[in-house]
Amino acid sequence: MKQLLILSGKGGTGKTTIASAFIKLADAKAYADCDVDAPNLHLITGWSVKPAKKDYYGLPKAVIDPELCIKCDQCRQNCRFDAISIDEKYKVDHFACEGCGVCEYVCPVEAITMKPAVAGELMLYSDGEKVFSTAQLKMGSGTSGMLVTEVKKQMKAAAADAELAIIDGSPGIGCPVIASLSGVDMVLIVAEPSISGISDMERIINTAAKFGTKTAVCINKYDTSIENTEKIERFCKKQGLPFIGRIPFDSNAVKAINNGQTVVDIDCISGTAVKEVYHKTMNLLFEKGGG
Ligand SMILES: Nc1ncnc2c1ncn2[C@@H]1O[C@H](COP(=O)(O)OP(=O)(O)OP(=O)(O)O)[C@@H](O)[C@H]1O
Ligand code: SF4
Ligand code: SF4
């Protein structure tokens with residue numbers, strides 16, 4: 001299975017717009033949404049079947065048994081995350097608890113136990129032909145990287161014979177992005193021609209380089225700044241990175257997405273540009289000696 005990951009660094013750049021169009025063009029048999037904080041690919045890819053759902057357990061959380069607690073205060077004093085407070089009883093704030101287990105260790109009367117906690121929900125759509133893996137992180141849970149790994153794992157397990165998998169990556173450059181990058185064959189970076197877009201793009205490129213992952217760049221909404229678009233193209237040339245297309249700002253793109261369609265479902269300038277980027281991406285992904 002060749003895995004193509006679409007990343008952007010900055011949120012709202014057009015990652016999902018492009019990923020959904022690629023899924024349509026490729027008639028992809030396997031795809032995933034690794035934006036577990038705010039998944040939205042399912043809104044565009046339109047599944048009529050219900051997904052199989054599974055609870056995802058992240059870090060364990062401390063639970064205090066008030067019957068055993070002798071109110072010695074050791075746990076509160078030793079919690080680096082200020083997760084333990086005293087009201088009438090000692091209690092743990094599960095949003096603040098990082099599951100380090102120190103309180104359990106210092107409690108003299110074994111009143112604290114670490115219990116598995118649901119940190120999100122994994123969803124797997126499947127109709128016997130196609131597979132779509134996604135997940136939703138529970139609010140306040142900080143284990144998005146681990147959940148991203150699970151999303152990819154369940155996609156691969158359910159569609160082991162698929163030739164191609166398209167993965168809509170996580171925004172930013174943190175832990176979930178690192179988890180998205182692991183094991184993929186190629187990254188397509190969707191850049192935005194703004195100062196922050198360029199800075200985020202450079203950081204993502206550096207991260208992908210550390211993984212040795214083949215990387216190509218395209219620019220979405222390029223005509224919002226031709227000057228910055230040219231800057232990005234010069235940067236790619238200097239770095240020896242394939243620059244594979246400019247996609248214009250197009251109000252039809254917004255209309256398509258708002259109607260639950262992809263930009264290649266309708267006749268529009270952004271759709272035409274995305275098709276070109278798609279063909280170049282596939283050529284790079286499947287080129288001989290291309291991993
Ligand atoms: N070429 C374009 N022209 C005009 N609007 C666009 C274009 N591409 C995407 N958009 C719009 O920009 C917004 C963000 O796009 P999208 O959701 O694809 O970005 P994203 O990078 O996946 O965002 P997030 O990081 O929030 O998941 C959407 O409203 C989308 O319709
Ligand atoms: S497990 Fe760690 S973070 Fe959680 S309450 Fe105990 S000491 Fe604090
Ligand atoms: S360390 Fe144990 S006994 Fe002491 S206050 Fe905390 S829970 Fe209670």
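Quantities reported herein were computed from a predicted structural model and do not represent experimental measurements. Counting convention: from 1, in listed order, for ligands and their atoms alike. Only this structure's heavy atoms are used, side chains among them; waters, hydrogens and symmetry mates stay out.
Taking backbone and side-chain atoms together, Cys107 has no N/O/S atom less than 2.8 Å away from atom 8 (Fe) of ligand 3. At least one N, O or S atom of Cys72 sits under 2.8 Å from atom 4 (Fe) of ligand 3.
Residue, atom and distance of the protein heavy atom nearest to atom 4 (Fe) of ligand 2 are Cys97 SG, 2.4 Å. In terms of protein heavy atoms, atom 4 (C) of ligand 1 is closest to Asp250 O, 3.2 Å. Residue, atom and distance of the protein heavy atom nearest to atom 17 (O) of ligand 1 are Thr16 CB, 4.1 Å. Looking only at heavy atoms of the protein, atom 8 (Fe) of ligand 2 is closest to Cys79 SG, 2.4 Å. The protein atom (non-hydrogen) at minimum distance from atom 24 (P) of ligand 1 is Gly12 N, 3.5 Å. Remark: minimum distance from atom 12 (O) of ligand 1 to any protein heavy atom is reached at Lys221 NZ, 3.1 Å. Protein heavy atom closest to atom 6 (Fe) of ligand 2, with residue, atom name and distance, is Cys103 SG, 2.3 Å. At the top of the distance list for atom 18 (O) of ligand 1, counting protein heavy atoms only, stands Thr17 OG1, 2.5 Å. Cys100 SG, 2.3 Å is the protein heavy atom nearest to atom 2 (Fe) of ligand 2. When hydrogens are left out, the protein atom nearest atom 29 (O) of ligand 1 is Val254 CG1, 4.6 Å; that is the closest non-hydrogen contact.
Within ligand 2, counting atoms from 1 as listed, the ones closer than 4.0 Å to a heavy atom of Phe81 are 3 (S). Within ligand 1, the atoms closer than 4.0 Å to a non-hydrogen atom of Asn220 are 1 (N), 2 (C), 7 (C), 8 (N), 9 (C), numbered from 1 in the order shown. Remark: ligand 2 atoms within the under-4.0 Å shell around heavy atoms of Ile84 are 5 (S). In the vicinity of Lys15, heavy-atom distances shorter than 4.0 Å reach the ligand 1 atoms 18 (O), 19 (O), 20 (P), 21 (O), 22 (O), 27 (O). Near Glu98, meaning under 4.0 Å from one of its heavy atoms, ligand 2 places the atoms 3 (S), 4 (Fe). Residue-ligand proximity, Asp35 to ligand 1, at heavy-atom distances under 4.0 Å covers atoms 27 (O).
If you check each of Ala253, Pro171, Gly271 against atom 2 (C) of ligand 1, the one with the closest non-hydrogen atom is Ala253.
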Just list the side-chain donor-acceptor pairs under 3.5 Å for residues 168-180, sequence neighbours left out, or say none.
residue, atom, partner, partner atom, Å
Asp168, OD1, Lys15, NZ, 3.2
Asp168, OD2, Thr16, OG1, 2.7
Ser170, OG, Cys34, O, 2.7
Ser170, OG, Ser180, OG, 3.2
Ser180, OG, Pro176, O, 2.7

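For ligand 1, one of its N or O atoms has an N or O atom of Pro248 under 3.5 Å away. Geometrically, ligand 1 and Thr13 share a nitrogen or oxygen pair separated by less than 3.5 Å. Residue Gly14 has at least one N or O atom closer than 3.5 Å to an N or O atom of ligand 1.
Contact between Met114 and ligand 2 is present, with at least one heavy atom of the residue lying under 4.0 Å from the ligand. Using 4.0 Å as the threshold, Val106 has no heavy atom nearer than that to any atom of ligand 3.
Contacts between Leu68 and ligand 3 below 4.0 angstrom, taking non-hydrogen atoms only, are absent altogether.
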